[in-house]
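Okay, structure first, notes after.
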Amino acid sequence: MSPDTSDADRPAPRPDPTAGPVPGPPAAPAPDPTEGLVHGPPAHQPPAGPFAGPPQYPFGAPPTGPVLAGPVPSERRPGRVIGVALGAAAVLTALGVPLGLLWAAVAPDTPVVKTAEGAVYAQPQPEQPIAADGWFSLLGLGFGVLAALALWVLLRRRRGPVGLLAGAAGGLGAALVAWQVGRRVGLSAYERLLASAPDGQAFTKPADLRAGGLHRLFDLLPLPYGNLLLPAFGVAVTYTLLAGWSRWPSLRPEPEPDLSWVYAAPPATGPQVSSGSADSPAPTAAPEPPAPGAAGSPRG
């Protein structure tokens, strides 16, 4: 075939059987399964030059995968919140029974003498009624502190104004129950002696409150006063202090943020240099350049 033959008249070249497969047109890119998701912050980028500023993430590259939003918490139902608050107040009120029994056990009885006008103190200024008021105040205040701690720990999902109101109402109810239970311990025996004992006989009167009680507002609404308010006061003060020292703005435990990517090792941005360990092969030395005049052949 002469060189003047045109390209159209030349036969097509035969494929080489020893060659690999003939590359075809480029395939279309596969669809991205993460398309439409919210991705994390961009990966760590090396500085553009020697005078570039510090990297955006100096402690390593943040995660670059898709960030999926967590489940949206459902709204709390008001009826359930009110039910939990009423239940907590009822439990605290019921705990006033053992509180009253404890007060009756530690408070001293007051010695009295039977006269024609009734029972009078055996001493002009007895100390037992003052001790009974003091014991009730200390026990009530301690009860309020412990009740606030229990509400804060057990009702951690209901922390806030609801827990504070439930604790204050329960503390007030517990004080009223404790007063009525404690003063009735031994009261029937005292009334029997007061009615049947002869004049001049000495016996004791059970503990009662003089620095606290109930008085009626406009002869209709009974209002507590005095040391009956100390349990509710202890609950309110302790609960408020716990809320002020809480590290969570919502007062409820919140999940800690994942900061593991901050302490990850930064990616390699340049050539790796061998550390010279015993297992790695030694680098081969470069050949020395030939001496001057060694490249040419010697003249005969």
Side-chain angles (χ1 to χ4, degrees), residues 85-115 117-152 154 164-197 201-217 219-239:
L86 293 178
V91 171
L92 292 180
T93 302
L95 291 177
V97 175
L99 180 63
L101 296 176
L102 179 61
W103 173 56
V106 298
D109 295 338
T110 306
V112 296
V113 176
K114 171 67 181 299
T115 62
E117 290 80 11
V120 296
Y121 290 137
Q123 301 174 359
Q125 296 180 351
E127 298 178 355
Q128 288 79 7
I130 301 176
D133 282 325
W135 276 111
F136 189 90
S137 301
L138 291 177
L139 292 176
L141 190 60
F143 177 85
V145 173
L146 294 178
L149 293 175
L151 290 175
W152 184 266
L154 298 178
L164 178 60
L165 293 177
L172 182 59
L176 294 173
V177 172
W179 174 39
Q180 294 300 321
V181 170
R183 68 185 294 268
R184 294 181 185 277
V185 175
L187 183 62
S188 59
Y190 167 76
E191 292 177 348
R192 184 174 63 253
L193 289 174
L194 184 62
S196 60
Q201 183 177 353
F203 49 93
T204 58
K205 180 182 178 181
D208 203 348
L209 293 181
R210 296 196 309 174
L214 294 174
H215 70 271
R216 294 186 176 275
L217 181 63
D219 295 334
L220 295 176
L221 182 63
L223 293 179
Y225 69 93
N227 49 9
L228 282 179
L229 302 176
L230 283 178
F233 177 77
V235 171
V237 172
T238 307
Y239 201 92

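When reading the values below, keep in mind they use all heavy atoms of this one structure, side chains included, and skip hydrogens, waters and symmetry mates.
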query = Where is the tightest heavy-atom contact between A104 and G182, given as atom of each residue plus distance?
reply = CB-O, 3.7 Å
note = Residue set satisfying side-chain contact (heavy atoms from CB on, under 4.5 Å) with T93, at least two apart, ordered chain then number -> V177
task = Drop me the distance from L146's CG to L141's CG, to the nearest 0.5 angstrom.
result = 10.0 Å
Which atom pairs, donor and acceptor, lie under 3.5 Å between side-chain atoms of residues 118-131 and protein residues at least two apart or in another chain?
none

request  = Apply ring-ring contact (aromatic ring centres under 6.0 Å, His included) to W103 and list each qualifying residue two or more places apart in sequence or on a separate chain.
outcome  = F136
remark   = Residue pairs passing the salt bridge (charged side-chain N to carboxylate O under 4.0 Å, His left out) test with at least one member in residues 168-197, sequence neighbours excluded, are R183-D208
task = List the atom of A232, the atom of A168, and the distance in Å for their closest heavy-atom pair.
result = CB-O, 3.5 Å
ask   = Applying salt bridge (charged side-chain N to carboxylate O under 4.0 Å, His left out), which residue pairs with at least one partner in residues 88-105 are found, sequence neighbours left out?
value = none
note = Across all chains, not counting sequence neighbours, the salt bridge (charged side-chain N to carboxylate O under 4.0 Å, His left out) partners of D133 are none
key: Point-to-point distance, once rounded to the nearest 0.5 Å, from CG of L154 to CG of L149   = 10.5 Å
query = For L165, which residues count as a side-chain contact (heavy atoms from CB on, under 4.5 Å) partner, sequence neighbours excluded?
reply = none
key: Side chain proximity check, V112 to L194, heavy atoms < 4.5 angstrom   = no
task = Measure across T238 and A148 and return the closest heavy-atom pair with its distance rounded to 0.1 Å.
result = CB-CB, 3.6 Å
side-chain contact (heavy atoms from CB on, under 4.5 Å) involving L221 - partner list, sequence neighbours excluded = L217, L223
key: Considering all heavy atoms, the nearest G144-V235 contact   = O-CG2, 3.2 Å
request  = Only counting residues at least two apart or in another chain, list the ones meeting ring-ring contact (aromatic ring centres under 6.0 Å, His included) with F203.
outcome  = Y190
Closest non-hydrogen atom pair between P224 and L172, with its separation = CG-CD1, 3.7 Å
message = Suppose the criterion is salt bridge (charged side-chain N to carboxylate O under 4.0 Å, His left out): which pairs have a residue in residues 227-239, not counting sequence neighbours?
response = none
task = Applying ring-ring contact (aromatic ring centres under 6.0 Å, His included), name anything that partners Y239, two or more places apart in sequence or on another chain.
result = W152
remark   = For G212 and L209, the nearest pair of non-hydrogen atoms, with its separation, is O-CB, 3.7 Å
note = Residue set satisfying ring-ring contact (aromatic ring centres under 6.0 Å, His included) with W135, at least two apart, ordered chain then number -> none
query = So, do L214 and W179 sit near enough that their side-chain heavy atoms are less than 4.5 Å apart?
reply = yes
